[in-house]
Amino acid sequence: QVRLVESGGTLVQTGGSLRLSCAASGRTSSIYTMAWFRQAPGKEREFVAAINYSGDNTHYSDFVKGRFAISSHYAANTIYLDMNGLKPEDTAVYYCAADQRFLALVVVSTTPSDYESWGQGTQVTVSA
(Lines give C-alpha, C1' and ligand atoms only; values in the text may rest on other atoms or scores of the structure.)
Protein backbone atom coordinates (compact mmCIF):
# COMPACT_ATOMS: atom_id res chain seq x y z
CA GLN A 1 0.00 0.00 0.00
CA VAL A 2 1.23 3.46 -0.92
CA ARG A 3 0.10 6.59 0.88
CA LEU A 4 0.44 10.03 -0.73
CA VAL A 5 0.07 13.32 1.08
CA GLU A 6 0.03 16.64 -0.77
CA SER A 7 0.70 20.06 0.70
CA GLY A 8 1.35 23.62 -0.38
CA GLY A 9 -1.93 24.66 -1.95
CA THR A 10 -3.20 28.14 -1.11
CA LEU A 11 -4.63 31.36 -2.53
CA VAL A 12 -2.24 33.25 -4.81
CA GLN A 13 -2.54 36.23 -7.15
CA THR A 14 -2.30 36.04 -10.93
CA GLY A 15 1.33 35.87 -11.98
CA GLY A 16 2.40 34.45 -8.65
CA SER A 17 4.34 31.32 -7.83
CA LEU A 18 3.69 28.31 -5.66
CA ARG A 19 5.37 25.02 -4.76
CA LEU A 20 3.35 21.89 -4.12
CA SER A 21 4.83 18.88 -2.38
CA CYS A 22 3.78 15.24 -2.31
CA ALA A 23 5.26 12.83 0.20
CA ALA A 24 5.00 9.08 -0.43
CA SER A 25 5.11 6.43 2.25
CA GLY A 26 4.47 2.71 2.53
CA ARG A 27 5.52 0.43 -0.36
CA THR A 28 7.39 3.16 -2.22
CA SER A 29 9.55 0.55 -3.95
CA SER A 30 6.49 -0.31 -6.06
CA ILE A 31 6.28 3.21 -7.53
CA TYR A 32 7.72 3.71 -11.03
CA THR A 33 6.26 7.09 -11.95
CA MET A 34 4.62 9.87 -9.98
CA ALA A 35 2.44 12.58 -11.40
CA TRP A 36 0.36 15.63 -10.71
CA PHE A 37 -3.22 15.91 -11.92
CA ARG A 38 -5.72 18.66 -11.31
CA GLN A 39 -9.48 18.97 -11.29
CA ALA A 40 -11.44 22.18 -11.50
CA PRO A 41 -15.13 22.37 -10.49
CA GLY A 42 -17.34 20.80 -13.14
CA LYS A 43 -14.39 19.53 -15.16
CA GLU A 44 -12.68 16.20 -15.57
CA ARG A 45 -9.42 15.41 -13.86
CA GLU A 46 -6.53 16.32 -16.17
CA PHE A 47 -2.87 15.46 -16.36
CA VAL A 48 -0.37 18.16 -15.40
CA ALA A 49 3.10 16.62 -15.15
CA ALA A 50 4.89 13.37 -14.36
CA ILE A 51 8.34 12.22 -13.33
CA ASN A 52 9.87 8.77 -13.17
CA TYR A 53 11.07 7.68 -9.77
CA SER A 54 14.76 8.20 -10.52
CA GLY A 55 13.94 11.76 -11.57
CA ASP A 56 15.63 11.75 -14.97
CA ASN A 57 12.54 11.68 -17.16
CA THR A 58 9.74 14.25 -17.02
CA HIS A 59 6.59 14.84 -19.05
CA TYR A 60 4.31 17.89 -19.14
CA SER A 61 0.94 18.81 -20.51
CA ASP A 62 1.07 21.55 -23.13
CA PHE A 63 -0.77 24.08 -20.99
CA VAL A 64 1.93 24.10 -18.28
CA LYS A 65 5.09 23.78 -20.34
CA GLY A 66 7.47 26.60 -19.54
CA ARG A 67 5.52 27.60 -16.42
CA PHE A 68 5.51 24.50 -14.19
CA ALA A 69 8.39 22.21 -13.25
CA ILE A 70 8.19 18.80 -11.62
CA SER A 71 11.07 17.45 -9.59
CA SER A 72 11.78 14.72 -7.08
CA HIS A 73 13.82 14.11 -3.97
CA TYR A 74 14.35 10.39 -4.24
CA ALA A 75 15.74 9.83 -0.73
CA ALA A 76 12.82 11.70 0.82
CA ASN A 77 10.22 9.94 -1.36
CA THR A 78 8.88 13.36 -2.27
CA ILE A 79 7.98 15.07 -5.50
CA TYR A 80 7.40 18.76 -6.08
CA LEU A 81 5.52 20.93 -8.52
CA ASP A 82 6.92 24.42 -8.93
CA MET A 83 4.30 26.62 -10.50
CA ASN A 84 5.15 30.04 -11.95
CA GLY A 85 3.14 32.57 -13.89
CA LEU A 86 -0.08 31.29 -12.35
CA LYS A 87 -3.34 32.14 -14.09
CA PRO A 88 -6.94 32.03 -12.84
CA GLU A 89 -7.53 29.00 -15.08
CA ASP A 90 -4.94 27.11 -13.02
CA THR A 91 -7.40 27.15 -10.12
CA ALA A 92 -8.15 23.55 -9.19
CA VAL A 93 -7.60 20.81 -6.67
CA TYR A 94 -4.18 19.35 -7.40
CA TYR A 95 -3.69 15.63 -6.83
CA CYS A 96 -0.55 13.57 -6.56
CA ALA A 97 -0.67 10.06 -8.00
CA ALA A 98 1.59 7.02 -8.25
CA ASP A 99 1.81 4.64 -11.20
CA GLN A 100 2.83 1.21 -9.93
CA ARG A 101 2.58 -0.64 -13.23
CA PHE A 102 5.84 -2.11 -14.49
CA LEU A 103 5.11 -0.47 -17.86
CA ALA A 104 5.55 2.93 -16.19
CA LEU A 105 9.30 2.32 -16.24
CA VAL A 106 9.31 3.07 -19.97
CA VAL A 107 5.99 4.75 -20.76
CA VAL A 108 4.62 7.78 -18.93
CA SER A 109 0.86 7.66 -18.73
CA THR A 110 -1.35 10.74 -18.75
CA THR A 111 -4.47 8.67 -18.01
CA PRO A 112 -5.81 8.88 -14.44
CA SER A 113 -7.01 5.30 -14.41
CA ASP A 114 -3.43 4.03 -14.86
CA TYR A 115 -2.46 5.48 -11.49
CA GLU A 116 -3.24 3.21 -8.57
CA SER A 117 -2.59 5.47 -5.61
CA TRP A 118 -3.86 9.00 -5.03
CA GLY A 119 -3.49 11.69 -2.43
CA GLN A 120 -6.36 13.64 -0.94
CA GLY A 121 -5.62 16.76 -3.01
CA THR A 122 -4.59 20.31 -2.23
CA GLN A 123 -6.54 23.39 -3.32
CA VAL A 124 -4.84 26.01 -5.47
CA THR A 125 -6.80 29.20 -6.08
CA VAL A 126 -5.49 31.93 -8.35
CA SER A 127 -7.23 35.27 -7.99
CA ALA A 128 -7.66 37.54 -10.97
Side-chain angles (χ1 to χ4, degrees):
Q1 184 114 10
V2 170
R3 182 168 181 255
L4 304 174
V5 178
E6 305 99 332
S7 61
T10 190
L11 172 66
V12 64
Q13 291 185 334
T14 296
S17 299
L18 205 57
R19 168 175 265 204
L20 304 183
S21 301
C22 173
S25 61
R27 290 186 64 243
T28 57
S29 60
S30 67
I31 299 173
Y32 297 110
T33 292
M34 292 184 72
W36 289 97
F37 288 80
R38 70 185 187 185
Q39 188 165 19
K43 294 188 177 181
E44 292 187 354
R45 192 167 296 191
E46 61 181 359
F47 173 81
V48 176
I51 188 167
N52 66 341
Y53 212 63
S54 59
D56 57 3
N57 185 24
T58 58
H59 185 74
Y60 295 92
S61 63
D62 288 341
F63 55 78
V64 301
K65 279 181 182 176
R67 297 191 300 126
F68 292 9
I70 189 170
S71 60
S72 65
H73 190 301
Y74 181 78
N77 292 318
T78 300
I79 66 167
Y80 306 95
L81 185 67
D82 289 298
M83 304 186 291
N84 299 298
L86 283 162
K87 307 173 183 179
E89 51 264 44
D90 293 318
T91 295
V93 177
Y94 283 71
Y95 296 92
C96 174
D99 191 341
Q100 296 159 256
R101 302 171 305 139
F102 188 70
L103 182 62
L105 276 175
V106 293
V107 178
V108 173
S109 173
T110 62
T111 304
S113 59
D114 286 337
Y115 289 78
E116 295 182 24
S117 300
W118 291 83
Q120 81 290 349
T122 186
Q123 176 70 48
V124 173
T125 302
V126 184
S127 63

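When atom types are taken as modelled, the side chain of R67 and the backbone of G85 share a donor-acceptor pair closer than 3.5 angstrom. With Q13 contributing its side chain and S127 its backbone, the two residues share no donor-acceptor pair below 3.5 Å. At least one donor-acceptor pair closer than 3.5 Å links the side chain of Y115 to the backbone N or O of S109. No donor-acceptor pair closer than 3.5 Å links the side chain of D99 to the backbone N or O of T33.
At a threshold of 4.0 Å, the pair D62-K65 counts as salt-bridged, since one of the basic side-chain nitrogens sits closer than that to a carboxylate oxygen.
Looking at heavy atoms from C-beta onward, V126 lies out of side-chain contact with E89 at the 4.5 angstrom threshold. You'll find the side chain of S61 stays beyond 4.5 Å of the side chain of F68, heavy atoms only. For the pair L18 and T10, the minimum side-chain heavy-atom distance is below 4.5 Å. Side chains of V2 and Q100 form a contact here, defined as non-hydrogen atoms less than 4.5 Å apart. Side-chain contact between E116 and R101 is present, with at least one heavy-atom pair separated by less than 4.5 Å. In this structure, T14 and P88 have side chains that are in contact, with non-hydrogen atoms separated by less than 4.5 Å. Taking 4.5 Å as the limit, every side-chain heavy atom of Y80 sits out of range of all side-chain heavy atoms of S72.
Closest non-hydrogen pair, R38 versus D90, comes out as NH1-OD1, 2.9 Å. Closest heavy-atom contact between L20 and G8: CD2-C, 3.6 Å. The two residues Y32 and A104 come nearest to each other via the heavy atoms CB-CB, 3.7 Å. Residues L4 and C96 come closest through the heavy atom pair CD1-O, 3.6 Å. Among all heavy-atom pairs drawn from S71 and R19, the shortest one is OG-NH2, 4.3 Å. Heavy-atom minimum distance, A92 versus Q39: CB-O, 3.4 Å.
Among Y94, F63, F37, the single residue meeting the ring-ring contact (aromatic ring centres under 6.0 Å, His included) criterion with F47 is F37.
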Query raised in the report: Run the side-chain contact (heavy atoms from CB on, under 4.5 Å) check on E6 and Q120 step by step: do they pass?
Result: CA-CA 7 Å; E6 305 99 332; Q120 81 290 349; 2.9 Å; yes
